[in-house]
There are 2 protein chains.
Amino acid sequence: MSTRGSAKPLRADAQRNRQALLAKAREIFDAGEFFDLRFDDFARLAGVGTGTLYRHFPTREALAEAVYREEVVALCDRARRLQATSPPLEALATFLRDFVDYLHEHHGLARTLATLMTTGSEALADGSRALEEAVTDLVAAAVEEGTVRGDVGAGAVMMALHGIGAAHDRPGWRAEADGVITLVLDGLVQGAQPSSPNDSPAR
Amino acid sequence: MSTRGSAKPLRADAQRNRQALLAKAREIFDAGEFFDLRFDDFARLAGVGTGTLYRHFPTREALAEAVYREEVVALCDRARRLQATSPPLEALATFLRDFVDYLHEHHGLARTLATLMTTGSEALADGSRALEEAVTDLVAAAVEEGTVRGDVGAGAVMMALHGIGAAHDRPGWRAEADGVITLVLDGLVQGAQPSSPNDSPAR
DNA sequence: TCGGAAGTGGAGATTGTCTCCACTTTCATT
DNA sequence: AATGAAAGTGGAGACAATCTCCACTTCCGA
């Protein structure tokens, strides 16, 4: 993957600028100040002109998405690793717990995620899809195994995660987030159909 | 409570203006266009000056909150009525299902709710607190009864509801939201204290 | 009827976003 | 290594939304 990933030959200096922008943005992002800053300032702070900023990232959300994607990739890797080494239900449980941990540490991510969720319908599309895919896989594997019910899609789990991200500034966030995970996991286990070869998706 | 509620004697014409503003805002709110409009336009549409608008509602969020509160009051009344007429667990279940229904119909509320959640930490404080109180009561009653676990606070349920509100624009919203409610309810019932061995929760 | 406190409105200051284009840098070609 | 044109740059200023300020109007108790 290195720096680039798509089919776009980007000039050397352009790449350097893009990288500088991204680095500075990530820094600010992690500090949770992403939305307190004038957009133009990202340019100044990274030592480039505003025109350059806008060329690379047409909107604030586009920039956020770029940073966000890198964070998400880390999470998804974790998910894939878990899936390879643990039994499905355990993998799912661990991943969800880790997700909360991760958000707890990088709460810049949480705040930004929350804002993106409401502002840019499109912005998340890419990064979020990756995360969703990971969750879907984890859930599917557990359903396959028979330890988790099949009548409540992974989408519901995603929604619960959205809630955790969106509510990141509640006073007792950590405990409540853990509570949500507990409810979701126990809810998923409840009504599982162990050892039944076919489970019809009837409601 | 009628129109006034606090200890502030407001002049007659001022009250009229405030009301006009609120009425127009509610209209726009329900149409889901609340955040597509220039703030000053609320004044023009209501037939008052921008100064007046700002006097009554210092920020867009303050205005949203005022409208939002009215909607929330309706929901809370519903909760209180349920609590009086149904057994605790059923009351809780019904309320959560109804909440989704309500958001499904008034999705102006959903969108605004989602935005408020991330934007104005303070803005929701009041209206949201009322909603939270209602949920807390419902949960507490069910815990008391012994049909719901006590180790996962009502806050977790609120968080899940936030998720439902925040993700209101997902493609399969309705089904997924129902899924979340199912998970939360089943998760809550799982691990309940008392001697009741196990009863399949009504869907 | 009158005085002053409360409220109004909208012109324009302020602030953040984004566009435009004359100039600079890179790189494939020879 | 020199060259030309495509790719990229930067920042001045157009534009748009938010918010402030205060001369004026309206209300209401005495």
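All chains are named by letter (A, B, ...) in the order of the sequence lines, taking the proteins before the strands, and each is independently numbered beginning at 1. Because the structure is predicted, anything quoted here is derived from the model rather than measured.
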May I ask you to say whether B:Arg69 pairs ionically with B:Glu65, meaning some side-chain N is under 4.0 Å from a carboxylate O?
-> yes
First encountered from the 5' end of DNA chain D, between B:Tyr54 and A:Gly51 = A:Gly51
Between atom CZ in B:Phe35 and atom P in D:dT18, what is the gap in whole Å?
-> 11 Å
Nearest whole angstrom, please: distance from the P of D:dT26 to the CZ of B:Arg55.
-> 16 Å
B:Arg60 CZ to D:dT18 C1': how many Å, rounded?
-> 10 Å
Should A:Asp77 and A:Arg81 count as an ion pair when the cut-off is N to O under 4.0 Å?
-> no
Give a yes or no on whether a salt bridge exists between B:Lys24 and B:Glu27, defined as a side-chain N under 4.0 angstrom from a carboxylate O.
-> yes
Quick one, which residues of residues 39-49 of chain A touch DNA chain C with a heavy atom under 4.0 Å?
-> A:Phe39, A:Asp40
Residue of the set A:Glu144, A:Arg149, A:Glu145 for which side-chain hydrogen bond (donor to acceptor under 3.5 Å, both in side chains) holds with A:Thr147 | A:Glu145
May I have the distance from A:Arg16 (atom CZ) to D:dA7 (atom C1'), rounded to whole angstrom?
-> 14 Å
Integer-rounded Å distance: D:dG29 P and B:Arg11 CZ = 11 Å
So which one's nearest nucleotide on DNA chain C is more toward 5', A:Thr50 or A:Arg38?
-> A:Arg38
Short N-O contact, B:Asp13 and B:Arg11, less than 4.0 angstrom | yes
Shoot me the first and last contacting nucleotide of DNA chain C against chain A, ordered 5' to 3', at under 4.0 angstrom to non-hydrogen atoms.
-> C:dG16 to C:dC27
Option passing ring-ring contact (aromatic ring centres under 6.0 Å, His included) with B:Phe29 (candidates B:Tyr68, B:Phe34, B:Phe42, B:Phe35) | B:Phe34
Residue pair B:Phe57, B:Phe39: steps toward the ring-ring contact (aromatic ring centres under 6.0 Å, His included) verdict | CA-CA 10 Å; B:Phe57 307 100; B:Phe39 192 44; 8.3 Å; no
Electrostatic pair B:Asp101:B:Arg97 at N-O distance under 4.0 angstrom = no
